[in-house]
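The residues of the chain are indexed from 1 along the displayed sequence.
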Amino acid sequence: MPLFKRKPFDLAKPPEDLEPSELVYQVRFTKEIFRDYQEYLNRINLYRQRVWMCKSTGKSNLTYEEAMVTEKHAIQKVQQLPNDLVAPALRIIQFSMLSLRDLADLVTKKLQKDLFVGAELYGKKDDGLYPCRVLKIVENGVGKTQYEVALLGENKKITENAILHGEDLVWKKTPFNRKILKSFIRESTCRSIPWVLHEKLAQKHGISTDLPEELRSKFFLQGGQLVNRTKKRKNENRNNVGEANGESGKFKRNKGETGKPDASKEENNQPEDEPVKYPIDDLLVKPGPDDPLFTDRPSPSRDFNVPMDCIGDLLMVWDFCSSFSRVLNLWPFSLEDFENAICHKDSNLVLIVETHSALLRILIKDDGEYSLALQNKKRKSKISLITWTEYVCDFLEMINVTELCSCMTTIKRGHYGLLDANAKLGILRELVCHALETDLIRGKLDDLIEQRRALGATVRGEALEYARKKREEKEQLKGESNGLVVKENSMESTGSNPHMAENGEENGDMMEEVISSRQSNAFVNSRKQLNGQSKKGEKQKLDPKVEAENITNSNEKEEQKQLTGEKKEDQEKKSKEKREQRKEYFKREMERTKHPDQSLR
């Protein structure tokens, strides 16, 4: 069943009380029935969108029908796995914590050692390698397993029987590959990491569904489903916090009000949108507040020489070759040149030959199924202008796609250029899909993902540092303004005139003498009045000079403030320019991780 947003999609239930003679609308490929024509159209339009994923292969950006066809082909390939290997593979898969790629590699490695009756291999005997078939598994009681095999001659006729050890048997062609195993793993499980088999499938092959001891601290079974303890605890805490905030927000008190609910909460009492979990399909991305509004959708370009149903394959193959041109040892080429080469009828165009050869070399270096197929045919690993079509035919034999295998006769006759664009791009598409599964390309992709994560972490770190500095500056300015207010208040209380300050000191000394001599209160009060009169007299005499000094000081302070402000503006301007430059740099680096060889284009 195709997946929608990486989750199973439930089909519409048939309407109730349907009459035998009632006219209805039925979806051809899902057999869903609708009474209402608008509901039928909405469902058809949803199925035609490229938002579906094949559960078996993991391919995305498909329509519902394309996902169904891809899943059907994958299931047919999975059924080719020998029955004797199904149970051992399922035991390895059950409750494994490995990634899909690592799990497929582990299953491949272990199953190559598990030989079964009927397996066709090569046996080592008398310093020679002969085709043979396993007839019987013999236990010798010492702990080593031996195999009774039949050595095969021409037309697979049995020439003689022999007893061989496991290390003397070599696979002629493994009955499975990584791609088939990945589909097998996806098809056999109901969840990933830890991978859990479907309950009926596990019971059929006698595999335990009890959670292993080492996973019980992290997971538990609830209603037949495996639940992560940590995630459940976080969700419960989040729900509890949300409920608590909701209760407290109902009667939030405002300043100067008692017992009144928060008006802003009542006005904005709208359900909040759930946070979007990325990555998501492009069609589901909503425009941001700063994005321009596009009222008229631009009409799609149809200025192509290839048929419109081939445009996706054309762009995909060209983008892959351009993005990984260094790994493929290909000189970058334009989309227009590539399209013209596809439409050309010449069979040995340099662009076409080099593109096929580069993709085939990647498969040969991977030492996978294609490399084994070439070894069995005793072909050389060097691809030339004369022999490249032979390697293409070997690849088509290996993948065994009916639509493409019909082209082999034309290619073998040396008339590759006579193939239509659909066939040419179909071959290149399959080559790219297999190249993406090689260790070389996967390693390159892993490196790019790590670089992207590191860049993202750096960007977030710089943003947090900038926000922290801004907060500190605000707090510092707030502290300085508070200090200035306190200083002004203290200056007002003591007086800002230095002469008055000196007078105050003299008066203080006189007051201390009076207090120390313990005179009467009347005498002290009289001295205070005299001191007050002397202050007034001196203040009146010094007013013009003090005023001039105050004006000069205030002008100097204003000039200093102006200079400081200008310096600060320059610093802020330079800092802003530097931040913008850093943003542009990170943007370019992020784009480079999408297209690693963009600098060559």
> To the nearest 0.5 Å, what is the distance between CG (Leu315) and SG (Cys310)?
Replying inline: 11.0 Å
> Got Glu437 and Arg442 here, is their nearest side-chain heavy-atom distance under 4.5 Å?
Replying inline: no
>> Before you tell me yes or no, could you show the steps for Arg50 and Glu66 under salt bridge (charged side-chain N to carboxylate O under 4.0 Å, His left out), namely the whole-Å CA-CA distance, both residues' side-chain angles and the distance that decides it to 0.1 Å?
In response: CA-CA 9 Å; Arg50 292 192 171 275; Glu66 287 173 348; 2.7 Å; yes
>> I'd like to know whether Lys469 forms a salt bridge (charged side-chain N to carboxylate O under 4.0 Å, His left out) with Glu472, so could you lay out the CA-CA distance, the side-chain angles of the two residues, the decisive distance to 0.1 Å, and finally the verdict.
In response: CA-CA 5 Å; Lys469 286 182 178 179; Glu472 289 179 354; over 6 Å; no
> Got a sec, which residues hit side-chain hydrogen bond (donor to acceptor under 3.5 Å, both in side chains) with Glu354, two or more places apart in sequence or on another chain?
Replying inline: none
> Any side-chain heavy atom of Met68 within less than 4.5 Å of one from Glu71?
Replying inline: no
>> Asp102 vs Ser99, test: side-chain contact (heavy atoms from CB on, under 4.5 Å). Steps then yes/no.
In response: CA-CA 5 Å; Asp102 293 339; Ser99 65; 3.2 Å; yes
> With no hydrogens and no angle check, is any side-chain donor or acceptor of Asp337 less than 3.5 Å from a backbone partner on Phe333?
Replying inline: no
>> Does Arg216, at its CZ atom, have more than 12 non-hydrogen atoms belonging to other residues, nucleotides or ligands within less than 6.0 Å?
In response: yes
> Taking the side chain as C-beta and beyond, is there a heavy-atom pair between Phe184 and Ile93 under 4.5 Å?
Replying inline: yes
>> Before you tell me yes or no, could you show the steps for Val306 and Cys343 under side-chain contact (heavy atoms from CB on, under 4.5 Å), namely the whole-Å CA-CA distance, both residues' side-chain angles and the distance that decides it to 0.1 Å?
In response: CA-CA 7 Å; Val306 299; Cys343 297; 3.6 Å; yes
> How many angstroms lie between CD1 in Ile193 and OG in Ser96, if you round to the nearest 0.5 Å?
Replying inline: 8.0 Å
>> I need the Asn329 CG to Ser357 OG distance, nearest 0.5 Å.
In response: 12.0 Å
>> On a heavy-atom basis, which atom in Phe324 and which in Lys444 lie closest, and how many Å separate them?
In response: CE2-CG, 3.7 Å
>> For Leu359 versus Ala435, what's the shortest heavy-atom pair and its separation?
In response: CD2-CB, 4.4 Å
> Hey, what's the ring geometry for Tyr370 with Phe395, parallel, tilted or perpendicular (30° and 60° as the breaks)?
Replying inline: perpendicular
> Minimum heavy-atom separation for Lys77 to Ile399, with atom names?
Replying inline: NZ-O, 4.3 Å
> So, do Leu62 and Val69 sit near enough that their side-chain heavy atoms are less than 4.5 Å apart?
Replying inline: no
>> Quick one, Pro194 and Leu215 - any side-chain contact, counting heavy atoms below 4.5 Å?
In response: yes
>> With rounding to the nearest 0.5 angstrom, report the CG to CG distance, Leu436 to Leu431.
In response: 11.0 Å
>> Tell me if a side-chain donor or acceptor on Glu339 pairs with a main-chain N or O of Leu314 at a distance below 3.5 Å.
In response: no
>> Set out, in order, the CA-CA distance, both residues' side-chain angles and the distance that settles side-chain contact (heavy atoms from CB on, under 4.5 Å) for His198 and Thr189, then state yes or no.
In response: CA-CA 5 Å; His198 293 293; Thr189 55; 5.7 Å; no
> CZ/Arg43 to OG1/Thr30 distance, rounded to the nearest 0.5 angstrom?
Replying inline: 7.5 Å
> What closest approach, in Å, do Ile180 and Val78 show between heavy atoms, and which atom pair accounts for it?
Replying inline: O-CG2, 3.9 Å
>> Please check this pair: side chain of Lys424 against backbone of Ile342, looking for a donor-acceptor N/O pair closer than 3.5 Å.
In response: yes
> Is Arg101 close to Asp439 at the side-chain level, that is, under 4.5 Å between some pair of heavy atoms?
Replying inline: yes
>> With side-chain contact (heavy atoms from CB on, under 4.5 Å) as the criterion, how do Met53 and Arg6 come out once you've worked through the C-alpha distance, each side chain's angles and the decisive distance to 0.1 Å?
In response: CA-CA 7 Å; Met53 173 187 285; Arg6 298 180 178 271; 3.4 Å; yes
> Would you say the side chain of Leu181 lies within less than 4.5 Å of the side chain of Asp105, judging by non-hydrogen atoms?
Replying inline: no
>> Are Gln94 and Thr209 packed together at the side-chain level, in the sense that at least one heavy-atom pair is separated by less than 4.5 angstrom?
In response: yes
> Do the two ring centres, one from Phe95 and one from Trp195, sit under 6.0 Å apart?
Replying inline: no
>> Nearest 0.5 Å, please: how far is SG in Cys321 from CE in Met316?
In response: 9.5 Å
> Under 3.5 Å, is there a donor-acceptor pair between the Asp319 and Ser322 side chains?
Replying inline: no
> Are more than 12 heavy atoms from other residues, nucleotides or ligands located less than 6.0 Å from atom CD of Glu336?
Replying inline: no
> What are the two closest heavy atoms between Arg186 and Ser56, and how far apart are they?
Replying inline: NH1-O, 3.0 Å
>> Angle between ring planes, Phe4 versus Trp52, binned at 30° and 60°: parallel, tilted or perpendicular?
In response: tilted
> So, Asn42 and Gln38: side-chain donor and acceptor under 3.5 Å apart, yes or no?
Replying inline: yes
>> For a quick test of reading the model, state the closest non-hydrogen atom pair linking Thr63 to Arg48 and the distance between them.
In response: CG2-O, 3.3 Å
